[in-house]
Amino acid sequence: MSSSLQFILALSTLIACARIGGVLSKRLGQPAVLGELLAGVLLGPSLLNYFQLPWFTDTHLNESVKHLAELGVIFLMFLAGLEIDLAEMMKTGR
């Protein structure tokens, strides 16, 4: 299997699992981001180690996905920062 096909398979699997996790999380009354993060933890090197399965033979795939994950964390933190109400934060003080 070519490296670009492996990359597309990896990304589509991650996105689908995150989406399913988000939907399940919302059904349980939790924020969707909780289910999406849990899907990432399940597929990541901590539990299933999805990218070490035999059909992923590209040596750079793991590193590419890690770079994309770091970008995702940066965007998540940026969006969380945009949602902060500074007036409310000033009321609470330290």
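- Residue Q30 holds its CD atom at 10.0 Å from CG of L38, rounded to the nearest 0.5 Å.
- Considering OG of S3 and CD1 of I8, their distance stands at 9.5 Å, rounded to 0.5 Å.
- Residues L14 and L61 share a single hydrophobic cluster, defined by chaining ILVMFWY side chains whose heavy atoms lie under 4.5 Å apart.
- One hydrophobic cluster, built from ILVMFWY side chains closer than 4.5 Å, holds both F7 and L5.
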- request: Carefully, step by step, assess L82 and L79 under the rule side-chain contact (heavy atoms from CB on, under 4.5 Å).
  value: CA-CA 5 Å; L82 288 177; L79 288 174; 4.2 Å; yes

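- With no hydrogens or angles considered, no side-chain donor-acceptor pair links S25 and E36 at under 3.5 Å.
- Transitive grouping of hydrophobic side chains (ILVMFWY, heavy atoms separated by less than 4.5 Å) keeps I84 and M90 in distinct clusters.
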query: Between V33 and L76, is a side-chain contact (heavy atoms from CB on, under 4.5 Å) present by the stated rule, with each step listed?
result: CA-CA 10 Å; V33 71; L76 179 66; 4.2 Å; yes

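- One distance of note links NE2 of H67 with NE2 of H60; it measures 10.5 Å at 0.5 Å rounding.
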- prompt: Yes or no on side-chain contact (heavy atoms from CB on, under 4.5 Å) for L11 and L68, after CA distance, side-chain angles and deciding distance?
  reply: CA-CA 10 Å; L11 280 184; L68 286 176; 3.8 Å; yes

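- To the nearest 0.5 Å, atoms CG (L9) and OG (S4) are separated by 11.5 Å.
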